[in-house]
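When reading the values below, keep in mind they use all heavy atoms of this one structure, side chains included, and skip hydrogens, waters and symmetry mates. A quick note: this is a predicted structure, and the numbers were derived from the prediction, not measured.
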2 protein chains.
Amino acid sequence: MFAALGDRTRLRLVMRLCHDGPLSIAKLTAGTDVTRQAVTKHLRLMEEAGLLRAARRGRERVWELEPERLAEARRYLEIISRQWDDALGRLGRFVG
Amino acid sequence: MFAALGDRTRLRLVMRLCHDGPLSIAKLTAGTDVTRQAVTKHLRLMEEAGLLRAARRGRERVWELEPERLAEARRYLEIISRQWDDALGRLGRFVG
DNA sequence: GACATATGCAACCTCCAGGTTGCGAATCAT
DNA sequence: ATGATTCGCAACCTGGAGGTTGCATATGTC
């Protein structure tokens, strides 16, 4: 999940999608400095991670974000930092 | 940043830290199936990513989370999904 | 001092993520 | 039907991430 966002090209693709709306592979490739095949691989990877969703339209394959996954990641980070605060609290009580 | 969390070992380290509080390298290594050196490398990587912070205490080096970075990541994801909603809204107006 | 503990440094190895190239297949336009 | 787009498949290549090993260096303990 985080690995899916932990790559330059992929993060760019997500940003592109996130403020241009659904796009085809060719359109997405246009904004990058890599090959269409590389873009395709990244898109599939993110699809398996649950971040994206694809749909055929004519000869194109249109990709769009799956925002629920982002929300999930956000919740996860929130849990992490909350547990961290708790741990520091316990530590403070035991030490001080 | 997301790349820092996009690795199994690193995510485990973060989880361990997040609910046990600050720990030394040896203690952190105990919970893993890899070498102390590997753990050290990961810790430094996350330090450079701004996720962790270290402090010497005697002969130990104690690591702890830098929760501000997590908050930053959360904000970033929020921006992403908000822009996505906006993009879909524009699309809807133009098409429908 | 002698010994154990906790870490640092550096060289090395292996594997796969990220990328490319070449070709084939489906869809649209004229 | 011919050509131009848009995509899929498969083989291939390469750098660096993740890991290990061996040794050196501080710090604590007796």
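Put simply, CD on A:Glu60 is 10 Å from C1' on C:dT27, counting in whole angstrom units. Put simply, CG on B:Leu43 is 16 Å from P on C:dA6, counting in whole angstrom units. Rounded to whole angstrom, the span from the CG atom of B:Leu13 across to the C1' atom of D:dG19 amounts to 14 Å. Atom pair B:Arg10:CZ and D:dA17:C1' shows a separation of 8 Å (rounding to whole Å applied). Between the P atom of C:dT7 and the CG atom of B:Leu23 lies a distance of 11 Å, rounded to the nearest Å. Following rounding to the nearest Å, A:Leu45 (CG) and C:dG19 (P) show an atom-to-atom distance of 11 Å. Rounded to whole angstrom, the span from the CG atom of A:Asp33 across to the C1' atom of C:dT20 amounts to 13 Å. At whole-Å resolution of the value, CZ in B:Arg44 and C1' in C:dC9 are 8 Å apart.
The side chain of A:Thr40 has D:dG8 as its nearest neighbour among C:dG18, D:dG8, C:dC9. Comparing D:dG8, D:dG18, D:dG19 by their nearest atom to the side chain of B:Asp7 picks out D:dG18. The side chain of B:Ile25 has C:dT7 as its nearest neighbour among D:dG18, C:dT7, D:dC7. Closest contact between the side chain of B:Lys41 and the listed nucleotides C:dG8, C:dG18, D:dT20 involves D:dT20.
In this structure, CG on B:Asp20 lies 9.5 Å from CD on A:Gln83, to the nearest 0.5 angstrom. Between B:Glu64 atom CD and A:Trp84 atom CH2 the span is 5.0 Å, to the nearest 0.5 Å.
Contact check, B:Ser24 against C:dA6: no side-chain N or O comes under 4.0 Å of OP1 or OP2. Distances shown here put a side-chain N or O of A:Thr35 below 4.0 Å from the OP1 or OP2 atom of C:dT20. Look at B:Thr9 and you won't find any side-chain N or O under 4.0 angstrom from OP1 or OP2 of D:dG18. Note on A:His42: a side-chain N or O is less than 4.0 Å away from OP1 or OP2 of C:dG19.
At a threshold of 4.5 Å between side-chain heavy atoms, the hydrophobic network of Ile, Leu, Val, Met, Phe, Trp and Tyr places B:Met46 and B:Met15 in one connected group. Put simply, B:Leu13 and B:Val34 are part of the same group of oily side chains (I, L, V, M, F, W, Y) that touch within less than 4.5 Å, one to the next.
Between the side chain of B:Arg36 and the main chain of B:Thr29, no donor-acceptor pair closer than 3.5 Å is present. Under a 3.5 Å cut-off, the side chain of A:Arg10 and the backbone N or O of A:Val39 do not form any donor-acceptor pair.
One finds a salt bridge joining A:Arg75 and A:Glu68 here, because a Lys/Arg side-chain nitrogen approaches an Asp/Glu carboxylate oxygen to under 4.0 Å.
A rotation axis mapping the C1' atoms of four pairs onto the next four is fitted at both ends of the helix from C:dG1-D:dC30 to C:dT30-D:dA1 over five pairs, and the angle between these axes is 30° to 10 degrees.
Minimum interatomic distance between A:Leu17 and A:Leu23 (heavy atoms only, all atoms of both residues): CD2-N, 3.9 Å. The two atoms that bring A:Met1 and A:Ala73 nearest to each other are CE-CB, 3.7 Å, heavy atoms only.
Between A:Arg57 and A:Ala3, the one whose closest nucleotide on DNA chain C sits nearer the 5' end is A:Ala3.
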Any protein N or O atoms within reach of nucleotides 22-27 of chain D? Criterion: under 3.5 Å, listing atom names and distances.
| residue | atom | partner | partner atom | Å |
| --- | --- | --- | --- | --- |
| D:dT27 | O2 | B:Arg59 | NH1 | 3.1 |

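Residue contacts shown for A:Ala26 are limited to sugar-phosphate atoms, with no base heavy atom under 4.0 Å away.
With hydrogens and angles left out, the side-chain atoms of A:Ser81 and B:Arg74 include a donor and acceptor closer than 3.5 Å.
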